[in-house]
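The structure under discussion appears below in the form of structure tokens.
Counting starts at 1 for both ligands and their atoms, in listed order. Keep in mind that this is a model prediction, so the values were computed, not measured.
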Amino acid sequence: MPSFANQRDNFLHCSRTAPEQFSQVQEWVLPNKTRVVVHTAGIIEFIPNAYQQGKGSHVLYSCGVHGNETAPIEICDELVEALLAQTLSLTVRLMVQFANLPAMDIAQRFISENMNRLFCGAHSPQDNPERVRANQLEQLTIAFFAQADDPAICYHYDLHTAIKDSAYPRFAVYPFLHGKAYSKTQLLWLAKAGIQAVLFSESPTTTYSYFSSLHCGVHSFTVELGKVKPFGHNNMADFAQARTALFDLVSVESVESVSTMPVLFRIKQMILRHTEDFKFHFPDNTPNFTAFNQGDVLASEYDAQGTLLRSYSCVQDAEAIVFPNANVALGQRALLTVVPVTEKECQFDV
Ligand SMILES: [Zn+2]
């Protein structure tokens, strides 16, 4: 029996405090016949006894890609411990990834750079902890989903919490599908998980959900479950609906679906920061999804002498801001704008 299996200690805690004990893959079978595979620190897989090679849903939950986004980490920790304690039994093959362990320890978004800009090969050269980890996550994710016969019943939810307050505290980003139809079933599942709004991305990115969507062909989403808080300070009632949906997806054969879609948006503008002197024209505490009118100036950039280089304005009414962050590295996204779309304007698979 491997050392971790014998300790019966908390997996996340061991991964954070003694990652060296996971330098080799560890594999064992629980008394309920569930096979457990610990690939490395923070990455654990569960294979139910009834699993037939390649059949059924393969589900991946990733959390802590940003180390200080604690609520999803706490939900995944609870799920892993319930499975190890056999108080929950699994109906799917499941991998759980606690992504940025060192950033969790310092309660920061990242150590060296934003991990959610490092996928799809953007992790080269591997010269800092986030780049090394992003590469490792990609490889394990590819290998995990490669075992599934039918990617149409495979799911990756990359779980986050947002920095800002939000008119819709719980929302998801649907990665660019290169013309493939959107899944209505997935949008309704997200609604059941308490997701109030969905943004359709319309260009390639280097996020984790875009990576698994593109390279594994599975249903994949970046899911913002609420507002960022330190460990132990989350009001878990705010996350109850998401927690139930995430637990049910892996442990209940069929769950009742809902019929009301989240509010839908598509991305209108992606505004990058090019200079040191980059300013927004709205207050710091402006919530996500606050709408502006055509012609309203959202951001400006100046050269070292303070001369205005360029400004960014709304191109239509009801254009709303999401993810404003003036402190991103140069060349990175400082702001998205989104506009509402109706169901009729979207191409669905059913
Ligand atoms: Zn995040």
Side-chain angles (χ1 to χ4, degrees), residues 12 16 42-43 60-77 96-120 122-123 128-131 133-134 137-138 141 156-176 190 193-199 201 205-213 220-231 233-234 238-239 242-243 246 265 267 270 272-273 284 287-289 321-329 332-336 338:
L12 176 59
R16 290 176 61 184
I43 302 180
L60 169 61
Y61 295 153
S62 55
C63 63
V65 163
H66 297 133
N68 60 346
E69 297 178 0
T70 57
I73 299 170
E74 289 175 348
I75 293 171
C76 288
D77 178 33
V96 179
Q97 300 176 342
F98 299 94
N100 198 338
L101 300 168
M104 289 175 207
D105 294 339
I106 58 167
Q108 295 293 326
R109 193 167 166 80
F110 51 79
I111 304 276
S112 301
E113 64 179 313
N114 181 355
M115 194 189 287
N116 211 19
R117 299 288 176 276
L118 294 177
F119 294 91
C120 301
H123 45 64
N128 69 41
E130 276 85 16
R131 286 168 177 252
R133 187 66 160 175
L137 295 173
E138 279 190 1
T141 297
H156 173 202
Y157 301 108
D158 184 36
L159 306 171
H160 292 250
T161 50
I163 302 168
K164 298 273 172 192
D165 281 323
S166 181
Y168 302 105
R170 298 180 300 279
F171 61 98
V173 179
Y174 208 139
F176 182 45
L190 288 166
I195 299 302
Q196 301 152 305
V198 172
L199 320 185
S201 171
T205 56
T206 50
T207 63
Y208 199 5
S209 64
Y210 176 70
F211 167 80
S212 54
S213 171
S220 184
F221 296 86
T222 307
V223 186
E224 304 283 348
L225 291 180
K227 198 177 172 195
V228 70
K229 296 258 171 68
F231 279 117
H233 289 76
N234 294 301
D238 294 344
F239 300 93
R243 180 197 168 281
L246 292 165
F265 293 91
I267 292 173
M270 180 158 69
L272 308 181
R273 177 190 184 191
D284 244 10
N288 279 325
F289 295 100
I321 56 160
V322 186
F323 298 129
N325 186 351
N327 299 319
V328 292
Q332 290 204 347
R333 183 192 77 199
L335 178 69
L336 285 180
V338 298

Item to check | side-chain hydrogen bond (donor to acceptor under 3.5 Å, both in side chains) partner of Y208, chosen from E138, H156, Q97 | outcome: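 Looking at E138, H156, Q97, the match for Y208 under the side-chain hydrogen bond (donor to acceptor under 3.5 Å, both in side chains) is Q97.
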
Checklist entry - When you check the space around the Zn ion (ligand 1), which protein N, O or S atoms turn up under 2.8 Å? => result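 Listed by chain and number: H66 ND1, E69 OE1, E69 OE2, H160 ND1.
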
Parallel, tilted or perpendicular: which describes the rings of [X] and [Y], with under 30° parallel and over 60° perpendicular?
X	Y	value
Y61	Y157	tilted
F211	F119	tilted
F323	F171	tilted

Checklist entry - Out of curiosity, L335 CG to N325 CG, how far, rounded to the nearest 0.5 Å? => result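 Interatomic distance, L335 CG to N325 CG, rounded to 0.5 Å: 10.0 Å.
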
Next on the checklist: Tell me whether E69 contacts the main-chain N or O of T161 through its side chain, where contact means a donor paired with an acceptor under 3.5 Å.
Outcome noted: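 Yes; at least one donor-acceptor contact below 3.5 Å.
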
